Visitor: 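Let me begin by handing over the structure; questions about it come next.
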Number of protein chains: 2
Amino acid sequence: MTTINDVAERAGVSPKTVSRVLNDHDSVSARTRDRVRAAMKDLDYQPNAVARSLRARGSGSVGVLMGDPSGGYHTRVHHALLLACVETGRHLSVDLSEGPIPGWDDRIRAFVEDSGIREMILLPPECDFGPMKALMRELDVRCVLISPTTPDPQFPAFAMDDRAAAREVVEHLFSLGHTRIGHIAGHPDHVASTLRRNGFFEAYAAAGLPRPGPELIVQGEFTFKTGLEAARRLLELDEPPTAIFAANDDMAAATCMEAQRRGLRIPDDLSVVGFDDAPIAGVIWPSLTTIRQPFEQMALRALQTLGAWSVNEGAGKTNTPFLARHSLVVRESTGPVRSGAPPRRKT
Amino acid sequence: MTTINDVAERAGVSPKTVSRVLNDHDSVSARTRDRVRAAMKDLDYQPNAVARSLRARGSGSVGVLMGDPSGGYHTRVHHALLLACVETGRHLSVDLSEGPIPGWDDRIRAFVEDSGIREMILLPPECDFGPMKALMRELDVRCVLISPTTPDPQFPAFAMDDRAAAREVVEHLFSLGHTRIGHIAGHPDHVASTLRRNGFFEAYAAAGLPRPGPELIVQGEFTFKTGLEAARRLLELDEPPTAIFAANDDMAAATCMEAQRRGLRIPDDLSVVGFDDAPIAGVIWPSLTTIRQPFEQMALRALQTLGAWSVNEGAGKTNTPFLARHSLVVRESTGPVRSGAPPRRKT
DNA sequence: GCCGCGACTGATAGCGCTAACTTTCAATAT
DNA sequence: ATATTGAAAGTTAGCGCTATCAGTCGCGGC
């Protein structure tokens, strides 16, 4: 292993000067700098990040806490974070978060100290957990929040605009001629559910159409099973909707399955839209029209914010999260409303 | 921040003695040890892992490379690894692996050196990538392989017994009275596909039943879409199978959807079995009977092997991977064969 | 011609921890 | 009682890097 001393010796300068070159510090004459650079290249020198961390009291890694990945949400954020880390030249340290079980704080403390973490990304649900945020402040770890339920003036936050996205979904369906649209709402405990439902209504209001009746709004819980039941209720209405907007992809997939079980063809007899662009959306048949959450953008902005922290201490901390730009992904599950013959029904 | 010196001073001993207590080294008298322990507790002392890493030339973190998570495979391994890390008191550093693009080796090198990684888990497809393994040896990083296609005598490997698992699936179906079973094979490039199909045949041989004809074996590619097409071909046979064993859960889910579209009820008219216990398996309706891959066990054994490396240098390196114990998860998609009326068909 | 100034560089001392070596000292052997 | 142990503790010297402070050197102003 070549050290800074080897480089110094070869370049005929002191180690400190090499260090200066490494960090673009102070004033180093062009000639010396070139000589040092050459020596580094000759010796194939790689600065030892661990030694640096010791001095600097903190590695260049960002920490992130991951919970149960089955929802797919964490997985996608995780991937986006990895991409963002590549972009910003960092590395990612991951620890398991198992909720506020006894001793959770000691584990986090150990995680932060062992990994030399000075920056952390907090995802749901940790980003809304007060004691966690307090611990971060105590450990003097810079934090950003991703999709918090309630923003915190102490930390910058990044989220997407659920309301606007839902509105776009409905406008897309309007443009295909649908006006009788059912909505399968998400779990009542999640703000996202409310925002998406509000967006749904808002689109109607903006288009000057009458607000859909309560029979067209069915409560789900983000799961496939509740989606199945909700779809059943919508499709058994005397006047069933020609399109269904589910608050996530699992429920949308369930809707497709239930509809197909009843002999309806998608999108000819029924259009279906999901939300999230979860893996299932691209994989089932017909593939789902859905909203792609802008994970990549949120992750990149989050890391950039952390990087710029020292420069403008406290900038970006605000009550309103930065809203990243989502996109509507139109796939096979939506099509023009079939005028004329009403959808075949089959009990 | 309290250091080892603070503890030493408080306990009235030298720093080295504190270090000895910390690492259970050498001989320290019980009285001194207790005194040091007390001092550590009093001062709420946490050893600085970064400083340790500097001396020890390597942190306590394990590295893992993650690719595209959409298949769900990486996600589940990742979660299992986190659990195993908690168990073995380690931390996980993750980097993105984007295949052999130019400069991949420099990135890996930087990852290993920046994070002070001396241990690494190689997942598919990296675990079969020769240059990657060569780089690991060059960097003197201890590696274990998870589910390699071809084992490598240089590194311990952990996998599951695909053949035996497939056989169990078929035996489960036998026990429900099914004898005419269709198989949707996986992507021909994956060994797992071959192993699972071999297990399928083996069960017939072991039961003394005639080997199923070629019309009952349909090639898929592990995707939902190919599963749909394969299921269609099986269900349109003149004498359709009463059960279908798909080589993964996506294709099994597709089979369910296709069957339901044709008016077949699951499991009354058709039993379906998947493989992997992917998230989709528990989420769709009916939930899938499937094989649970023993990720947790593989991950734990992998980390334990890394931990025991120094003790018995080279132990565990063998040509045959350690086979972790899978399990058959019986859910709602399998049931006894309906004797009497043949399944209703609907074109 | 000497002083002082600024640009550049080097010696030194750690960051917190541990390995190798040395010292201390009580218990035993002679 | 003295030599001989060896367990128990301390001393010293770094791991690789960087901050502090103290130089060195050339150059213009008085």
Side-chain angles (χ1 to χ4, degrees), chain A residues 1-37 39-40 43-61 109-110 112-118 139-140 310, chain B residues 1-40 43-61 109-110 112-118 140 310:
Chain A
M1 162 170 250
T2 60
T3 78
I4 203 171
N5 296 297
D6 303 331
V7 176
E9 194 174 340
R10 173 150 189 140
V13 298
S14 79
K16 174 60 193 163
T17 301
V18 178
S19 167
R20 274 194 266 256
V21 173
L22 270 175
N23 301 289
D24 292 329
H25 264 298
D26 291 56
S27 40
V28 178
S29 74
R31 224 165 54 86
T32 319
R33 192 175 50 240
D34 292 344
R35 211 141 37 90
V36 171
R37 290 251 167 82
M40 295 201 295
L43 298 171
D44 196 24
Y45 169 70
Q46 288 280 131
N48 179 326
V50 176
R52 266 187 180 175
S53 305
L54 178 60
R55 286 248 45 161
R57 309 181 149 276
S59 66
S61 295
R109 208 181 287 267
V112 167
E113 278 163 2
D114 288 1
S115 312
I117 285 175
R118 319 256 34 221
L139 294 173
D140 195 26
S310 53
Chain B
M1 164 171 246
T2 60
T3 76
I4 203 171
N5 296 296
D6 303 331
V7 177
E9 195 175 339
R10 174 152 188 135
V13 298
S14 79
K16 174 62 193 164
T17 301
V18 178
S19 167
R20 275 193 267 255
V21 172
L22 270 174
N23 301 288
D24 292 328
H25 264 296
D26 291 58
S27 39
V28 178
S29 75
R31 224 164 55 85
T32 319
R33 191 174 52 240
D34 292 345
R35 210 138 40 88
V36 171
R37 290 251 166 83
M40 296 200 294
L43 297 171
D44 196 24
Y45 169 70
Q46 288 280 132
N48 179 326
V50 176
R52 264 186 182 177
S53 305
L54 180 59
R55 285 249 46 163
R57 309 183 147 275
S59 67
S61 294
R109 210 181 288 266
V112 167
E113 278 164 3
D114 288 0
S115 312
I117 285 176
R118 320 255 35 220
D140 196 27
S310 55

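Remember, it's a predicted structure, so these values are computed and weren't measured experimentally. In the text below, chain A, chain B and the rest are named by the order of the sequence lines, each starting its count at 1.
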Visitor: Rounding to an integer number of Å, can you tell me how far B:Arg52 CZ sits from C:dA19 C1'?
Guide: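 Distance, rounded to whole Å: 14 Å.
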
Visitor: So if I take every side-chain heavy atom of B:Thr17 and compare against C:dT18, D:dA9, D:dC17, which nucleotide ends up nearest?
Guide: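 Out of C:dT18, D:dA9, D:dC17, the nucleotide with an atom closest to B:Thr17's side chain is D:dA9.
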
Visitor: Round to a whole Å and report the spacing from CG of B:Asn5 to P of C:dT18.
Guide: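 Taking CG of B:Asn5 and P of C:dT18, I get 11 Å after rounding.
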
Visitor: Show the atom names and distances, to 0.1 Å, of all donor-acceptor pairs under 3.5 Å that link a side chain in residues 43-52 of chain B to residues at least two apart or in another chain.
Guide:
{"unit_1": "B:Asn48", "atom_1": "OD1", "unit_2": "B:Val50", "atom_2": "N", "d": "2.7"}
{"unit_1": "B:Asn48", "atom_1": "OD1", "unit_2": "B:Ala51", "atom_2": "N", "d": "3.0"}

Visitor: Considering residues at least two apart in sequence or located in another chain, which fulfil the side chain to side chain contact (heavy atoms under 4.5 Å, CB included) criterion with B:Arg57?
Guide: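 Listed in chain order: A:Met1.
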
Visitor: How close or far is atom P of C:dT18 from atom CG of B:Asp24, stated in whole angstroms?
Guide: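 In whole Å, C:dT18 P and B:Asp24 CG are 12 Å from each other.
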
Visitor: When rounded to the nearest 0.5 angstrom, what is the spacing between OG1 in B:Thr32 and CZ in B:Arg37?
Guide: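 Those atoms lie 11.5 Å apart.
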
Visitor: Whole Å only: how far is the CG atom of B:Leu43 from the P atom of C:dG16?
Guide: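 Rounded to whole Å, this separation is 14 Å.
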
Visitor: Taking the minimum atom-to-atom distance to the side chain of B:Leu54, which one of D:dC15, D:dA9, C:dC17 wins?
Guide: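 Out of D:dC15, D:dA9, C:dC17, the nucleotide with an atom closest to B:Leu54's side chain is D:dC15.
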
Visitor: Does C:dC15 have its OP1 or OP2 closer than 4.0 Å to a side-chain nitrogen or oxygen of A:Arg57?
Guide: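 Looking at the OP1 and OP2 atoms of C:dC15, neither is under 4.0 Å from any side-chain N or O of A:Arg57.
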
Visitor: In whole Å, I'd like the distance from the CZ atom of A:Arg35 to the C1' atom of C:dT9.
Guide: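 Rounded to the whole Å, the gap is 11 Å.
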
Visitor: Between the protein and nucleotides 19-27 of chain D, list every N/O to N/O distance that falls short of 3.5 Å.
Guide:
{"unit_1": "D:dA19", "atom_1": "N7", "unit_2": "A:Lys16", "atom_2": "NZ", "d": "3.1"}

Visitor: Can you check whether B:Pro15 reaches B:Val18 side chain to side chain, under 4.5 Å on heavy atoms?
Guide: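 Not in contact.
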
Visitor: Taking atom P of C:dG10 as reference, at what distance in whole Å does atom CD of A:Glu9 sit?
Guide: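 Distance check: A:Glu9 CD to C:dG10 P gives 13 Å.
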
Visitor: When you check the phosphate oxygens OP1 and OP2 of D:dG10, does a side-chain N or O of B:Ser14 lie under 4.0 Å from one of them?
Guide: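 For B:Ser14, the contact criterion (side-chain N or O under 4.0 Å from OP1 or OP2 of D:dG10) is met.
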
Visitor: Among residues at least two apart in sequence or on other chains, which ones pass side chain to side chain contact (heavy atoms under 4.5 Å, CB included) with B:Ser19?
Guide: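 Partners of B:Ser19 by the side chain to side chain contact (heavy atoms under 4.5 Å, CB included) criterion, ordered by chain and then number, come out as B:Ile4, B:Lys16, B:Asn23.
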
Visitor: Using salt bridge (Lys or Arg N to Asp or Glu O under 4.0 Å) as the criterion, list what pairs up with A:Arg10, not counting sequence neighbours.
Guide: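 Testing A:Arg10 for salt bridge (Lys or Arg N to Asp or Glu O under 4.0 Å), a comparison that skips the adjacent residues, returns A:Asp42.
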
Visitor: Going by the rule salt bridge (Lys or Arg N to Asp or Glu O under 4.0 Å), which residues pair with B:Arg35 if we only count those two or more places apart in sequence or in a different chain?
Guide: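 With sequence neighbours excluded, B:Arg35 shows a salt bridge (Lys or Arg N to Asp or Glu O under 4.0 Å) to no residue whatsoever.
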
Visitor: Who passes salt bridge (Lys or Arg N to Asp or Glu O under 4.0 Å) against B:Arg118, sequence neighbours left out?
Guide: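 Here the qualifying residues are B:Asp140.
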
Visitor: My understanding is that only residues two or more places apart in sequence, or in another chain, count here; which of them pass side chain to side chain contact (heavy atoms under 4.5 Å, CB included) with B:Ser59?
Guide: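 Per chain and number, B:Ser59 pairs via side chain to side chain contact (heavy atoms under 4.5 Å, CB included) with B:Ser53, B:Ser61.
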
Visitor: Could you tell me the separation between the CG atom of B:Leu22 and the P atom of C:dG16, rounded to a whole number of Å?
Guide: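 So the two atoms are 15 Å apart, to the nearest Å.
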
Visitor: Between C1' on D:dC15 and CE on A:Met1, what's the gap in Å once rounded to a whole number?
Guide: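 Rounded to whole Å, this separation is 10 Å.
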
Visitor: Polar pairs (N or O, both sides) under 3.5 Å between protein and nucleotides 6-8 of chain D?
Guide:
{"unit_1": "D:dA8", "atom_1": "OP2", "unit_2": "B:Ser27", "atom_2": "OG", "d": "2.8"}

Visitor: Test of understanding: with salt bridge (Lys or Arg N to Asp or Glu O under 4.0 Å), list the residues that count as partners of A:Arg55, not counting sequence neighbours.
Guide: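 In terms of salt bridge (Lys or Arg N to Asp or Glu O under 4.0 Å), with neighbours along the sequence ignored, A:Arg55 is linked to no residue.
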
Visitor: Counting only heavy atoms not in A:Glu9, do more than 12 sit closer than 6.0 Å to its CD atom?
Guide: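 No, CD of A:Glu9 has 12 or fewer neighbouring heavy atoms, counting only those of other groups under 6.0 Å.
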
Visitor: B:Ala11: which residues meet the side chain to side chain contact (heavy atoms under 4.5 Å, CB included) condition with it, sequence neighbours left out?
Guide: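 Partners of B:Ala11 by the side chain to side chain contact (heavy atoms under 4.5 Å, CB included) criterion, ordered by chain and then number, come out as B:Val13, B:Val36, B:Ala39.
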
Visitor: How sharply is the helix from C:dG1-D:dC30 to C:dT30-D:dA1 bent, taking the axes over five pairs at either end and rounding to 10 degrees?
Guide: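 If I round to tens, the end axes sit 70° apart.
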
Visitor: Any base atoms under 4.0 Å from A:Val50, or only sugar-phosphate, or nothing? Heavy atoms, all strands.
Guide: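 No contact.
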
